[in-house]
Amino acid sequence: MKKFKLNSVLLVLFSLTVFASCDSDDKTPDPVKETVKNALATEVTGPATGKVNTELSYEVTFLPDNSCGEFTKFTEATIGTVKGLQVEVKYPEVCTQQVATPKKAVYKFKSAEKGTFEIKFKKSETEFIIQKVVID
């Protein structure tokens, strides 16, 4: 009888251990798959003059592949030997909004020196939109 009780207790403890270890409370959701691509700028607006060590904001309009595309960051772009900037956009794997609509991102510029500067944003595979700014 004693052996039967001990076996029953051990069986119950083993069953509880198995059920508890199979619990899936700690499941992490699958990561959202995204694609990152570069988009072309269509327009740049902002001040033409500024002061030394003062941050200037430029609104860059770009056209993503679809309406699900979201601005990520500005990255370096090169056309021939000329360097400039381009808009990096991330896209979710699934998008139901296929019609692309223009979106905007803000680029911040600050110079520690006086002078005339050209901020270039990639407009096509062969040209940049150039925003000139004079820093006093």
Side-chain angles (χ1 to χ4, degrees):
M1 187 71 157
K2 199 175 193 182
K3 190 174 184 181
F4 179 72
K5 234 182 196 181
L6 181 62
N7 283 344
S8 297
V9 170
L10 289 175
L11 181 64
V12 169
L13 287 174
F14 177 75
S15 298
L16 287 174
T17 304
V18 168
F19 288 126
S21 66
C22 292
D23 191 13
S24 61
D25 286 345
D26 59 346
K27 273 189 179 177
T28 55
D30 292 335
V32 176
K33 294 180 182 176
E34 296 176 334
T35 302
V36 176
K37 293 181 182 178
N38 295 318
L40 301 173
T42 58
E43 182 183 14
V44 178
T45 57
T49 61
K51 301 280 184 198
V52 172
N53 290 324
T54 302
E55 191 172 81
L56 302 174
S57 295
Y58 293 90
E59 192 173 69
V60 180
T61 304
F62 62 96
L63 189 62
D65 289 349
N66 58 46
S67 289
C68 295
E70 292 295 326
F71 170 78
T72 305
K73 62 183 175 181
F74 292 102
T75 59
E76 189 174 286
T78 305
I79 298 175
T81 59
V82 181
K83 292 188 180 202
L85 300 167
Q86 62 190 358
V87 180
E88 186 177 278
V89 180
K90 67 179 176 182
Y91 300 92
E93 184 176 359
V94 178
C95 178
T96 58
Q97 303 169 348
Q98 294 300 318
V99 178
T101 57
K103 296 197 175 188
K104 297 178 187 267
V106 176
Y107 177 75
K108 306 279 187 179
F109 178 78
K110 184 177 181 180
S111 176
E113 301 175 8
K114 291 182 178 183
T116 301
F117 299 89
E118 289 185 343
I119 307 169
K120 301 171 185 157
F121 294 93
K122 194 170 182 182
K123 179 181 180 178
S124 70
E125 294 303 316
T126 58
E127 65 182 318
F128 287 107
I129 293 175
I130 300 172
Q131 177 72 43
K132 289 188 179 186
V133 60
V134 177
I135 302 296
D136 300 339

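Predicted, not measured: the structure shown is a model, and the values here were computed from it.
Judged by distance alone, the side chain of T42 and the main-chain N or O of T61 form a donor-acceptor pair under 3.5 Å. For Y91 (side chain) and N66 (main-chain N/O), no donor-acceptor pair under 3.5 Å exists by modelled atom type. A donor-acceptor pair under 3.5 Å is formed between the side chain of S124 and the backbone N or O of E127.
Nearest heavy atom pair, residue L63 against residue P102, reads CD1-N, 3.7 Å. In plain terms, the two heavy atoms of P47 and S57 that are nearest each other are CD-O, 3.4 Å. Residues C68 and T96 approach most closely at SG-N, 4.2 Å, considering heavy atoms. Across every non-hydrogen atom of P64 and A39, the tightest pair is CA-CB, 4.5 Å.
Rounding to the nearest 0.5 angstrom, the gap separating the CD atom in E59 from the CD atom in E43 is 8.0 Å. With rounding to the nearest 0.5 Å, the separation of SG in C95 from CG in D65 is 10.0 Å. Between N53 atom CG and I135 atom CD1 the span is 9.5 Å, to the nearest 0.5 Å. In this structure, the separation between NZ on K104 and CZ on F71 is 14.0 Å, given to the nearest 0.5 Å. In this structure, CD1 on I130 lies 10.0 Å from NZ on K123, to the nearest 0.5 angstrom. Distance check: E93 CD to T35 OG1 gives 7.0 Å after rounding to the nearest 0.5 Å.
Between V36 and V89, the closest side-chain pair of non-hydrogen atoms is not below 4.5 Å. With contacts defined as side-chain heavy-atom distances shorter than 4.5 Å, the pair F109/T54 does not qualify. T49 has its side chain out of reach of V133: every pair of non-hydrogen atoms, C-beta onward, lies at least 4.5 Å apart. At a threshold of 4.5 Å between non-hydrogen side-chain atoms, the residues V134 and D136 count as touching.
By the side-chain hydrogen bond (donor to acceptor under 3.5 Å, both in side chains) test, K103 pairs with E70, sequence neighbours left out.
Screening residues 103-136 for disulfide bond (SG atoms under 2.5 Å apart) gives no qualifying pairs among residues at least two apart or on separate chains.
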Which atom pairs, donor and acceptor, lie under 3.5 Å between side-chain atoms of residues 113-121 and protein residues at least two apart or in another chain?
none

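Among Q86, K122, K83, the one residue that satisfies the side-chain contact (heavy atoms from CB on, under 4.5 Å) test with F128 is K122.
Ring pair Y107/F74: centre-to-centre distance below 6.0 Å.
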